[in-house]
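Computed over heavy atoms, backbone and side chain alike; hydrogens, waters and symmetry mates excluded. Just so we're on the same page: letters track the sequence lines, and every chain starts at 1.
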Protein chains: 2
Amino acid sequence: MFCQSYNEFFQVLANPTNQTIINSLLKKPQNVSEIAESTKLEQSKVSHSLKRLYECKIVHVKRSGKQRVYSLNKETIVPILEIVDKHAQKMCPHCLKIEGSQRVHTNVLK
Amino acid sequence: MFCQSYNEFFQVLANPTNQTIINSLLKKPQNVSEIAESTKLEQSKVSHSLKRLYECKIVHVKRSGKQRVYSLNKETIVPILEIVDKHAQKMCPHCLKIEGSQRVHTNVLK
DNA sequence: AAAACATATGAAACAGTATTCATTTATCAT
DNA sequence: ATGATAAATGAATACTGTTTCATATGTTTT
């Protein structure tokens, strides 16, 4: 039900699938089917990821009929992404150019 | 030589051994032997961890004779730890109480 | 209450990462 | 140059987390 430690929190942030979902939720809150659609990920995979994201309170949930609408906990996540992005730009501009990396793009943050 | 993406960065932060080393470097810069001593971790394990931490530029290195002195990139790491700590206190006070978790303790940050 | 839809869950298979241990490289002192 | 110390590296093993697939749960509609 809860994340047990800091490393669990970072572990969840490190997972590419979770990052893809975070990226998508940066745009707008979405229910599970919408997330699966927008990210091209399989439904059960999305559910498993959302479970972990929720345990760490990286996302919030709101029931709406049979749907569940997930939204990003921007208060915590956006500042962290901004710090990491600044870090990458300064310390490792190289890694910003890697193709196909699943990283979160800053432009979404602005 | 470099970290390839955001998920690598978070992955490195998520690892308990790396967290232990980060914790120790919060106190003061140390060479490899000192880190191994202060953390009770084996030398090669420490070296492997430091390699990953350095690739992500979470630590800096400075040669000093046969020693290598590692120091924490506080500019990036301290703000992230502060955000996560605030997050945990607010969203998941429970997880701050878990015994034996390898998490970074905030009091060191202040 | 049955059918249809949305999401969650469990467990096995699989993949990726960390640890360990033996060895190597590098630097310093003699 | 040799021996001693400090740290890094490679590769095999062990470990842990992720994906997948089948199925279960829950809600709404008829």
Side-chain angles (χ1 to χ4, degrees), chain A residues 1-22 24-25 29-56 58-71 100-103, chain B residues 1-22 24-25 29-56 58-71 100-103:
Chain A
M1 190 65 192
F2 285 112
C3 90
Q4 296 298 297
S5 60
Y6 282 24
N7 47 304
E8 196 168 327
F9 182 88
F10 287 121
Q11 189 81 46
V12 170
L13 282 187
N15 179 277
T17 302
N18 297 345
Q19 286 190 351
T20 301
I21 292 173
I22 288 172
S24 187
L25 289 178
Q30 293 164 71
N31 65 39
V32 177
S33 311
E34 289 170 335
I35 295 169
E37 165 63 21
S38 68
T39 59
K40 307 292 175 207
L41 297 168
E42 207 210 336
Q43 179 264 316
S44 78
K45 199 175 178 182
V46 171
S47 277
H48 279 297
S49 273
L50 286 170
K51 189 184 182 187
R52 300 202 69 201
L53 288 164
Y54 180 70
E55 281 169 2
C56 290
I58 293 171
V59 298
H60 305 295
V61 211
K62 198 180 65 190
R63 270 196 142 101
S64 166
K66 23 184 181 181
Q67 273 109 295
R68 295 192 186 187
V69 179
Y70 285 86
S71 59
S101 90
Q102 295 268 13
R103 69 183 181 74
Chain B
M1 190 66 190
F2 284 112
C3 91
Q4 297 298 299
S5 59
Y6 281 23
N7 47 305
E8 198 168 325
F9 182 89
F10 287 122
Q11 191 80 46
V12 170
L13 282 186
N15 179 278
T17 301
N18 296 345
Q19 286 190 351
T20 301
I21 292 174
I22 289 173
S24 188
L25 289 178
Q30 293 165 70
N31 66 39
V32 177
S33 309
E34 289 170 335
I35 295 169
E37 165 64 21
S38 67
T39 60
K40 308 291 174 209
L41 295 169
E42 207 212 336
Q43 178 265 317
S44 76
K45 198 175 178 180
V46 172
S47 278
H48 280 296
S49 273
L50 286 170
K51 189 184 185 188
R52 300 203 68 202
L53 288 163
Y54 179 69
E55 282 169 0
C56 290
I58 291 170
V59 298
H60 306 294
V61 211
K62 197 179 67 191
R63 270 195 142 102
S64 166
K66 14 181 186 183
Q67 274 109 295
R68 294 192 188 186
V69 180
Y70 285 87
S71 58
S101 89
Q102 294 269 14
R103 71 182 178 74

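Taking every side-chain heavy atom of A:Gln43 into account, C:dA8 is the closest of C:dA8, D:dT20, D:dA7. Candidate nucleotides C:dT9, D:dA7, D:dT9 were compared by shortest atom distance to the side chain of B:Lys51, and D:dT9 ranks first. Comparing D:dT9, D:dA6, C:dT7 by their nearest atom to the side chain of B:Lys66 picks out D:dA6.
No hydrogens or angles were tested; on distance alone, a donor-acceptor pair under 3.5 Å links the side chain of A:His48 to the base of C:dG10.
Side-chain contact between A:Gln30 and A:Leu25: present, with at least one pair of heavy atoms (C-beta onward) separated by less than 4.5 Å.
Closest of all the heavy-atom pairs between A:Val59 and A:Tyr54 is O-CD1, 3.4 Å. Nearest heavy atom pair, residue A:Asn18 against residue A:Val12, reads ND2-O, 3.0 Å.
Taking only side-chain nitrogens and oxygens, A:Lys45 never comes nearer than 4.0 Å to OP1 or OP2 of D:dT18. For C:dA18, neither phosphate oxygen OP1 nor OP2 lies less than 4.0 angstrom from any side-chain nitrogen or oxygen of B:Ser49. In this model, the phosphate group of D:dG26 is not approached by any side-chain N or O of A:Arg63 to a distance below 4.0 Å at OP1 or OP2. Side-chain N/O atoms of A:Ser44 include none lying less than 4.0 angstrom from OP1 or OP2 on C:dT9. A close approach under 4.0 Å does not occur between any side-chain nitrogen or oxygen of B:Tyr70 and OP1 or OP2 of D:dA6. Between B:Asn15 and C:dT17 there is no side-chain N or O to OP1 or OP2 distance below 4.0 Å.
Atom CD of A:Gln30 is separated from atom P of C:dT7 by 11 Å (rounded to the nearest Å). Here the C1' atom of nucleotide D:dT19 and the CZ atom of A:Arg52 are 13 Å apart, to the nearest Å. Atom CD of A:Gln67 is separated from atom C1' of C:dA4 by 13 Å (rounded to the nearest Å).
A donor-acceptor pair is defined here as one N or O able to donate and one able to accept, closer than 3.5 Å; such a pair exists between the side chain of B:Gln19 and the backbone of B:Leu13.
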